[in-house]
Amino acid sequence: MKRNIVIATITAVALIGGGTATAIAVAGDDEAPAKKTVSVSNDDNNRADTDTDDTAQDQAEDQAEDKAEDKAARDTDQDAEDKAENAAEAKAGQVTAADAIRTALKHKSGTAVSADLDDEGTNLVWDVDVLTGGGKWFSVQVDPGTGKVLGALADRDDDGDDAAETAQIRAALQGSSVTAAEAAEAAAAKGTVTSVDLDEESTDQAWEADTTAADGTGSDWRVDLGSGKLTADRTED
């Protein structure tokens, strides 16, 4: 008897992509070749499905965390009148808090410590507190409609309490890599920023930011001085 010789050919495409391939076996010179079908599975397809499931789960968890933070940050004590007033102020402030801070620092060199959208008589202004390198305080007012500087007033009150507070603020700022403008930009993802202030007294020092939603609902946030991470302000919980 002639010794059987088997030749099997499986395409590289089937091995890589999965599916089926046909092997041709030859047994002797006078016999017709026999076909054998081989199934090839690709584990990468299964892994891709698993990765997709994990990504969807991560996204769902992130969304749930964001909703929880938003709920925790809301000011639930506001009535309809307060919301209407907040919405009107936020709409009037066409110049953002971050832009107002940058404008103020161009006018008066130093470090911005706070920015508040305040009523000045019948008009709204951005009031930006700037601490100069020499330890002097200036209040720079910026028009929220045009972005122009309306004026700058020096704070000449140098009693012991103010000196101690200034020293505390300087110490907090030295350990911060996040500016007031950057904190305002981080909070802007949650609504219109109406104020940014440095909380130098808490053990977990941070930037405090207030935002207003389109319906006038206010929310309170904290921005980490080092990482810039935005979290709900739970200091009064």
Side-chain angles (χ1 to χ4, degrees), residues 58-105 111-120 123-130 139-145 147 169 172-173 175-237:
D58 291 342
Q59 290 176 344
E61 290 176 353
D62 290 343
Q63 290 175 355
E65 290 177 2
D66 288 343
K67 288 182 179 179
E69 286 288 345
D70 291 347
K71 183 177 180 181
R74 286 192 200 103
D75 185 354
T76 56
D77 293 332
Q78 292 176 307
D79 57 23
E81 185 177 349
D82 290 336
K83 289 182 178 181
E85 183 179 350
N86 291 342
E89 290 182 357
K91 187 176 181 180
Q94 298 178 23
V95 175
T96 67
D99 287 340
I101 291 169
R102 295 189 181 99
T103 298
L105 291 177
T111 302
V113 178
S114 69
D116 296 278
L117 189 59
D118 290 333
D119 286 319
E120 290 292 337
N123 298 321
L124 283 174
V125 298
W126 277 111
D127 193 355
V128 183
D129 286 337
V130 177
S139 175
V140 182
Q141 294 186 336
V142 179
D143 190 312
I169 289 172
L173 291 172
S176 174
S177 58
V178 178
T179 65
E182 291 169 339
E185 288 177 333
K190 299 296 185 178
T192 301
V193 179
T194 55
S195 73
V196 179
D197 294 280
L198 179 66
D199 176 15
E200 76 283 356
E201 297 180 350
S202 299
T203 54
D204 57 335
Q205 296 171 335
W207 292 104
E208 293 179 326
D210 294 339
T211 62
T212 300
D215 65 353
T217 301
S219 298
D220 304 322
W221 305 93
R222 293 178 71 81
V223 181
D224 188 273
L225 295 180
S227 67
K229 182 179 179 180
L230 183 75
T231 57
D233 187 352
R234 295 182 173 89
T235 56
E236 295 182 1
D237 289 353

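- Residues passing the side-chain contact (heavy atoms from CB on, under 4.5 Å) test with S177: none are found, sequence neighbours excluded.
- Across every non-hydrogen atom of A115 and I101, the tightest pair is CB-CG1, 3.7 Å.
- Taken from OG1 in T231 to CG in D220, the straight-line distance is 11.5 Å, to the nearest 0.5 Å.
- The shortest side-chain heavy-atom distance between D224 and V178 does not fall under the 4.5 Å cut-off.
- A98 approaches A184 most closely through the heavy-atom pair N-CB, 3.9 Å.
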Full working for side-chain contact (heavy atoms from CB on, under 4.5 Å) between V193 and T96: CA-CA 7 Å; V193 179; T96 67; over 6 Å; no
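- The side-chain heavy atoms of L198 and W207, taken from C-beta on, include a pair separated by under 4.5 Å.
- A172 and Q205 get closest at one heavy-atom pair: CB-OE1, 3.6 Å.
- A search for side-chain contact (heavy atoms from CB on, under 4.5 Å) contacts involving N123 returns nothing, not counting sequence neighbours.
- Here the closest non-hydrogen pair linking L105 and A112 is CD2-N, 3.8 Å.
- A donor-acceptor pair is defined here as one N or O able to donate and one able to accept, closer than 3.5 Å; no such pair exists between the side chain of R222 and the backbone of D199.
- The main-chain N or O of A104 is never found under 3.5 Å from a side-chain atom of W126 such that the two would form a donor-acceptor pair.
- Every residue meeting the side-chain contact (heavy atoms from CB on, under 4.5 Å) condition with D143, not counting sequence neighbours, appears here in chain and number order: T146, L150.
- Residues forming a side-chain hydrogen bond (donor to acceptor under 3.5 Å, both in side chains) with D215 (at least two apart in sequence, or on another chain): T217.
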Yes or no on side-chain contact (heavy atoms from CB on, under 4.5 Å) for V113 and L173, after CA distance, side-chain angles and deciding distance? CA-CA 9 Å; V113 178; L173 291 172; 4.2 Å; yes
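- Between L124 and D118, the closest side-chain pair of non-hydrogen atoms is not below 4.5 Å.
- Evaluation of the side-chain hydrogen bond (donor to acceptor under 3.5 Å, both in side chains) rule for D197 yields no partner, not counting sequence neighbours.
- Looking at every heavy atom in both residues, A100 comes nearest to V142 through O-CG2, 3.8 Å.
- Using modelled atom types, one side-chain atom of S176 and one backbone atom of L225 make a donor-acceptor pair closer than 3.5 Å.
- Checked by atom type, the side-chain pair D127/S139 shows a donor-acceptor distance below 3.5 Å.
- Scored by the side-chain hydrogen bond (donor to acceptor under 3.5 Å, both in side chains) test, E185 finds R102 as partners (sequence neighbours excluded).
- Contact between A186 and G228 at its shortest, heavy atoms only, is CB-O, 4.2 Å.
- With rounding to the nearest 0.5 angstrom, the CG atom of L117 is 9.5 Å from the OG1 atom of T192.
- When side chains are defined from C-beta on, W221 does not count as touching D233, because their heavy atoms never get closer than 4.5 Å.
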